[in-house]
Protein chains: 2
Amino acid sequence: MPDLDAGMLVEDLRRAGMRVTTPRRVICEVIAASHDEHLTATEVHARAEAMADRGIDVSTVYRTIEALESVGRLHHVHLGHGPAVLHLSDHADHHHLVCEQCGRAQDIPLEEVADLVSHLEERYDFVAAGVHFALVGRCVGHDAVPGNSP
Amino acid sequence: MPDLDAGMLVEDLRRAGMRVTTPRRVICEVIAASHDEHLTATEVHARAEAMADRGIDVSTVYRTIEALESVGRLHHVHLGHGPAVLHLSDHADHHHLVCEQCGRAQDIPLEEVADLVSHLEERYDFVAAGVHFALVGRCVGHDAVPGNSP
DNA sequence: TTATTTGCAAATCGTTTGCACGACT
DNA sequence: AGTCGTGCAAACGATTTGCAAATAA
């Protein structure tokens, strides 16, 4: 099941004239299997190394991510502080509520913000990128008066 | 005119039991004078050094930013890729449209998103932090079909 | 005086790059 | 065969930290 998607990613690379190598295949596998998780490059790297017999370099992961992005299959977003997280374009059916305390990102469906986004695009001559929307705050568990941090 | 705000920042630090030093005074000066610009820590550092007679270390800038944040006077947000940008809390009357091409951030007034935000807060048990809202995309000049980057 | 801050230098984290070797097509 | 991708190591920018000397309270 995850294999199907990985194949599509790989195909897209090939179609774009790029080469299909073992590291790339593995990385596509990992990314395809992640579905709507919010993996970071480092996490992809870890899983790829775990999955492959041979070691894979982080730079290769970044370069493959770049390749997949150039083909329009993938996006990376900087939610809140930490590292960037990846999203498959076809899973880009949500936005994020990011907790600045625990860093967790809760997904919110597209429709919730669709009206606002199209309004803003029209009003400000702007083209929103798929998943690149984040509202930062605190989830209830971490609710606190701003400025009263421990 | 910028002096007034700087004084308030400094006062808040003092009130919180923190010490008021020359570097801090200068940094507050710079931040207060920046109003609704989106300064990065590095830019604050540059301006502070330019303004002071003595050199000021970046780490001092970061620590002062942290101090001002702990007092609730300041926030820093990661808009798009690059470094974090600062916002005075009382200038937190806007959100951002961030162009992923040129990195520029256009302000959008609070009211534009107020309804959505309160809706999301209610629906998802979430407390939004003032300015921490960013919609990433491309401004018209940089409009392009995703995946067709040069 | 005495706890805080400072500056400096070094460490960290995420990401990028140069380069010679190895592998797709 | 020739180009493109790889690993490695080193460079990078942003941010953080340890520590001894300087300073506000």
Side-chain angles (χ1 to χ4, degrees), chain A residues 9-28 30 38-49 51-71 74-86 100 103 149, chain B residues 9-28 30 38-49 51-71 74-86 100 103 149:
Chain A
L9 296 180
V10 164
E11 259 328 292
D12 281 335
L13 291 182
R14 194 192 308 278
R15 205 172 300 128
M18 297 171 150
R19 295 188 181 168
V20 176
T21 67
T22 307
R24 285 194 172 171
R25 235 184 288 267
V26 175
I27 292 169
C28 286
V30 169
H38 301 115
L39 293 188
T40 65
T42 309
E43 285 163 352
V44 171
H45 177 230
R47 295 193 187 184
E49 289 221 301
M51 178 176 294
D53 28 340
R54 187 184 6 172
I56 293 179
D57 197 78
V58 223
S59 63
T60 301
V61 173
Y62 279 103
R63 287 190 269 231
T64 302
I65 289 172
E66 194 187 355
L68 289 170
E69 290 191 323
S70 80
V71 163
L74 197 64
H75 288 279
H76 75 275
V77 206
H78 292 263
L79 303 176
H81 301 205
V85 300
L86 303 180
E100 62 185 1
S149 34
Chain B
L9 296 179
V10 164
E11 259 327 292
D12 281 334
L13 292 181
R14 194 194 308 277
R15 205 172 298 128
M18 296 170 150
R19 294 189 181 169
V20 176
T21 68
T22 308
R24 286 195 171 167
R25 234 186 287 265
V26 175
I27 292 168
C28 286
V30 169
H38 302 116
L39 291 187
T40 65
T42 309
E43 285 162 351
V44 171
H45 176 230
R47 295 193 187 184
E49 288 221 302
M51 179 175 295
D53 27 341
R54 187 184 6 174
I56 293 180
D57 198 77
V58 222
S59 64
T60 302
V61 172
Y62 279 103
R63 287 191 270 232
T64 301
I65 289 172
E66 194 188 355
L68 289 170
E69 289 191 324
S70 80
V71 162
L74 198 62
H75 288 280
H76 75 276
V77 207
H78 292 262
L79 304 176
H81 301 203
V85 301
L86 304 180
E100 61 186 359
S149 34

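Remember, it's a predicted structure, so these values are computed and weren't measured experimentally. The chains referred to below are lettered A, B, ... by the order of the sequence lines, with proteins before strands, and numbering in each begins at 1.
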Asker: The side chain of Arg63(A) lies closest to which of these nucleotides: dG5(D), dC19(C), dG7(C)?
Answerer: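 Nearest to the side chain of Arg63(A) among the choices is dC19(C).
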Asker: Measure from the side-chain heavy atoms of Arg24(A) and tell me the nearest of dT6(C), dG7(C), dG5(D).
Answerer: dG5(D)
Asker: Using a 3.5 Å distance criterion without hydrogens, assess whether the side chain of His45(A) forms a donor-acceptor pair with backbone atoms of Ile56(A).
Answerer: yes
Asker: Report the distance from atom CG of Leu86(B) to atom C1' of dT15(D), rounded to the nearest whole Å.
Answerer: 13 Å
Asker: Between dT23(D) and Thr21(B), is there an OP1 or OP2 to side-chain N/O distance shorter than 4.0 Å?
Answerer: no
Asker: Leu39(A) has an atom CG; how far is it from atom P of dG14(C), in whole Å?
Answerer: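 About 14 Å, once rounded to whole Å.
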Asker: As a test of reading the structure: which of dA14(D), dT16(D), dG5(D) is closest to the side chain of Ser59(B), going by heavy atoms?
Answerer: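 Between dA14(D), dT16(D), dG5(D), the one nearest the side chain of Ser59(B) would be dT16(D).
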Asker: Using heavy-atom distances to pick each residue's nearest nucleotide on DNA chain D, tell me which of Val61(A) and Thr42(B) is more 5'.
Answerer: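 Counting from the 5' end, the first nearest nucleotide belongs to Val61(A).
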Asker: If you pin Arg14(A) and Ile56(B) to their nearest nucleotides in DNA chain C, which one's is more 5'?
Answerer: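 Result of the comparison: Ile56(B).
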Asker: Consider the side chain of Arg19(B), meaning its heavy atoms from C-beta on, and name the nucleotide among dT15(D), dG7(C), dT5(C) that approaches it most closely.
Answerer: dT5(C)
Asker: With the threshold set at 4.0 Å, does a side-chain nitrogen-carboxylate oxygen contact exist between Arg63(B) and Glu66(B)?
Answerer: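 Answer for the salt bridge query: no.
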Asker: Quickly work out the His45(A) NE2 to dC13(C) P distance and round it to whole Å.
Answerer: 15 Å
Asker: Rounded to whole Å, how long is the line connecting atom CD of Glu66(B) with atom P of dA14(D)?
Answerer: 19 Å
Asker: Across the strands shown, which category fits Val58(A) at heavy-atom distances under 4.0 angstrom: base, sugar-phosphate, nothing?
Answerer: nothing
Asker: Using a 3.5 Å distance criterion without hydrogens, assess whether the side chain of Arg24(A) forms a donor-acceptor pair with backbone atoms of Arg19(A).
Answerer: yes
Asker: Between atom NE2 in His81(B) and atom P in dT15(C), what is the gap in whole Å?
Answerer: 10 Å
Asker: Rounded to whole angstroms, how far apart are CG on Asp57(B) and P on dA10(C)?
Answerer: 13 Å
Asker: Is any side-chain nitrogen or oxygen of Tyr62(A) closer than 4.0 Å to OP1 or OP2 of dT16(C)?
Answerer: no
Asker: Find which nucleotide of DNA chain C each of Gly17(B) and Arg54(A) is nearest to by heavy atoms, and output the residue with the more 5' nucleotide.
Answerer: Gly17(B)
Asker: Quick one: label Arg25(B) by what it contacts on the DNA or RNA (base, sugar-phosphate, nothing), any heavy atom closer than 4.0 Å.
Answerer: nothing
Asker: Quickly work out the Ile65(A) CD1 to dT16(C) C1' distance and round it to whole Å.
Answerer: 13 Å
Asker: Of the listed nucleotides (dT15(D), dT15(C), dG5(D)), which one gets closest to any side-chain atom of Met18(A)?
Answerer: dG5(D)
Asker: For the side chain of His78(A), counting heavy atoms from C-beta on, which of dT15(D), dG7(C), dT15(C) is nearest?
Answerer: dT15(C)
Asker: Between Thr60(B) and dG7(C), is there a contact of a side-chain N or O with OP1 or OP2 at under 4.0 Å?
Answerer: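 Answer yes for this pair, as a side-chain N or O of Thr60(B) is under 4.0 Å from OP1 or OP2.
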Asker: For Gly55(B), answer base if it contacts any base atom (sugar-phosphate contacts may also be present), sugar-phosphate if it contacts only those atoms, and nothing otherwise; contact means non-hydrogen atoms under 4.0 Å.
Answerer: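 Result for Gly55(B) = sugar-phosphate.
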